[in-house]
Each structure stands twice: as structure tokens, then as C-alpha cells.
Amino acid sequence: MLMLAASLMLTAACPADAGSLLKPRDSAPAILPVNDAFQLQPVLWRDSKLDISLDIAPGCYLYRDKIQVEVLEPTGFKLGRVALPPGELHQDEHFGVVRVFRQQLAVQHRVDHPPQRLRIRYQGCAEGLVCYPPQVREVTVESLR
Amino acid sequence: MSSSKKQILAVAALCFAAAGVGFGAYRYLAQPHSIDEPGGMAPEITLNDLTGTPRQLSDWRGKLILVNFWATWCAPCLHEIPMLMDMQQQYGGRGLQVVGAAMDEVEAVRIGAPRLGIQYPVLVGDSEIINAMQALGDQLGALPYSVLINANGMIVSRKHGEFERDELIQLIEQNLPTTGG
């Protein structure tokens, strides 16, 4: 009985880790899962500014023109145009010269009151390896008054 | 030593033993012969072609099927496609069938596939493609993703990212059906 209880404790302690350890071995192990390639940080509102940031893994990039921020709640909330940094130029064989973000995308958008929920879209690639499908995340804004 | 202390020690010892068993099980499961390796039968996959007609992978049973998941917004996919067309031309008569599966909007593929000169069958979808990729072993959700299925319906290779030409030729040569399909 005690053995069973201990085994259950063990398996319940780290189910996520066990899952990741048993991920398929792929012929291209350097390719990251999308949530590791692009890590959306908690969205914060403080001092009348909305902070949105995405950490971008080395070798990966996000397309500037694929990034969108919209307010889900409250309805009718006027966010205004979210100004993105210029990013850097990237010569793409098929899409020509495009602007991309590497390492980190950090946006500070001035807005007097915090929205409650946002929908954030982004899309990017691992340089010369793969591209990830467009990502959509719905997040609750943490208001630090 | 009090009875309660003995019980705590016993529980701790059992936890340690269970951890050892768990680690051993993980080491076993993480070996190359575990479920993550190609070698299983490909599941039946049904996707629409560009006319909206449902097609099944089993439609090409008896051939060596290279299912290439791609998208019009995926630069490495677009870079790889001319080589896949070459392979179809070179090995089609010996039983290779390349099948493109696009994670995209139908209209984008209707325009994009002819522009790229794709001659092999192209299937298209959104969540259906994601489901098909997962059913064929994908856990990254990244493109391009290619799965090679032999004439008996067995998955013989899976790959994220572009093939090297020599690598793909070797794979195809090793797995072509003996009678040409």
C-alpha cells in the first residue's frame, strides 16, 4: 500500500517533466517546440503603460507584420494603435525584404486604463530550419496599480 | 525510535525506491525502441484536395508515399518544394508518390501551388492538417514536416525541416516498392 502511495506521489509530482522526457526523438533535435521558441511573458499594466514582451530563442525570429494585439475585454475598449519597434531587416528568398524581431520583442503602449483581456497573434521561424504556424494567445492583463 | 519516526523513515525509503523504479522505467522508455521511433503503421488520414474532394492516404497504398506538410507562408517549405518535384519526376515511375499537405487557406494554396509548379497531389486544411501531422507523429507543430510511408503502409521516416537532396535520395532508394507500385 505504501509502495503504491509513494509511486502515485512520484508520478503526480512531475507529469509535465515526464511528458517532455518522452517526446519523440526527431531527426532535427535542435528544433524547439513553438512555446520554447517564442515565450510570451505576462502582460502587465502599470504607470499607464501596457507592457507586452516576447522572448525569442536564439536562431528564431518573429515577423513584424504578423504581430497583432486586440482587446477582448472589456468590449469597446479603445486601445489605439500599438506601435512596434522597427525590428531588423531580413532578406527572405521568397518574401523579399521583411522586418523581423530577434531575441526579444518588448512593447510599451501608453493607455490610461488597463484592458482586462487581450488576444495576441504572432508568427515566426527558426532560421533556415522550420516555420511555426500563426500563434494566437488570449491573456489576462495583470494590473499593477 | 518512536513508532511515528519509523513510519516516516519507511515512507521515505519507499519513496526513494519508487523514484529508482520510475527512473529505470524512464530510461527504458527513452531508448530508441520506444514509441517515438518510426516503424508503426500509418493511420488512415483523410484530407480535402484543392477541389474539396476528400482524399485518403490509402488511395496511394502500394506506393512509397512522401507526405510533405507545408504552407505558403513557410519559407523553408517553399525552398524544399522544387526538390520534391524533382524526386516525383525522377522516382514517380518507380513507385514514389509525393503528396503535399498544406496548412493554409484553400485560396492561398489554389494560387500558390500552380505558381510553384507543383504537379503532385496537394491536400489542404487548417486544424485538419494539424490533426494529420499529430497523427503522423509530429509534436512540434513546425513546418516543413515530412513523413515517408512505405508500400505496406508503414512509417519509415519522419523529419522536421528540409531534406538534404542526398539524404532524401538515399531514403527513397532504400524504400521504393520492389515492383514499382
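Reminder, nothing fancy here: chain letters follow the sequence lines and each chain counts from 1.
- A side-chain hydrogen bond (donor to acceptor under 3.5 Å, both in side chains) with A:D55 holds for exactly one of A:Q104, A:Q39, A:Q103; it is A:Q104.
- Heavy atoms of B:S146 lying under 4.5 Å from chain A are absent altogether.
- Checking A:H109 against A:D51 by side-chain atom types alone, no donor-acceptor pair falls below 3.5 Å.
- Neither the backbone nor the side chain of B:A71 comes within less than 4.5 Å of any heavy atom of chain A.
- In this structure, CG on B:D104 lies 8.5 Å from CG on B:D126, to the nearest 0.5 angstrom.
- Under 3.5 Å, the side chains of A:R137 and A:Q135 contain a donor-acceptor pair of N or O atoms.
- Aromatic pair A:F38/A:Y132: centroids less than 6.0 angstrom apart.
- Salt bridge absent: A:R99 and A:D65 never bring a charged side-chain N and a carboxylate O closer than 4.0 Å.
- Heavy atoms of A:F95 lying under 4.5 Å from chain B belong exclusively to its side chain.
- Between A:C131 atom SG and B:W70 atom CH2 the span is 13.0 Å, to the nearest 0.5 Å.
- When the heavy atoms of residues 67-91 of chain A are compared with those of chain B, none of the residues falls under 4.5 Å.
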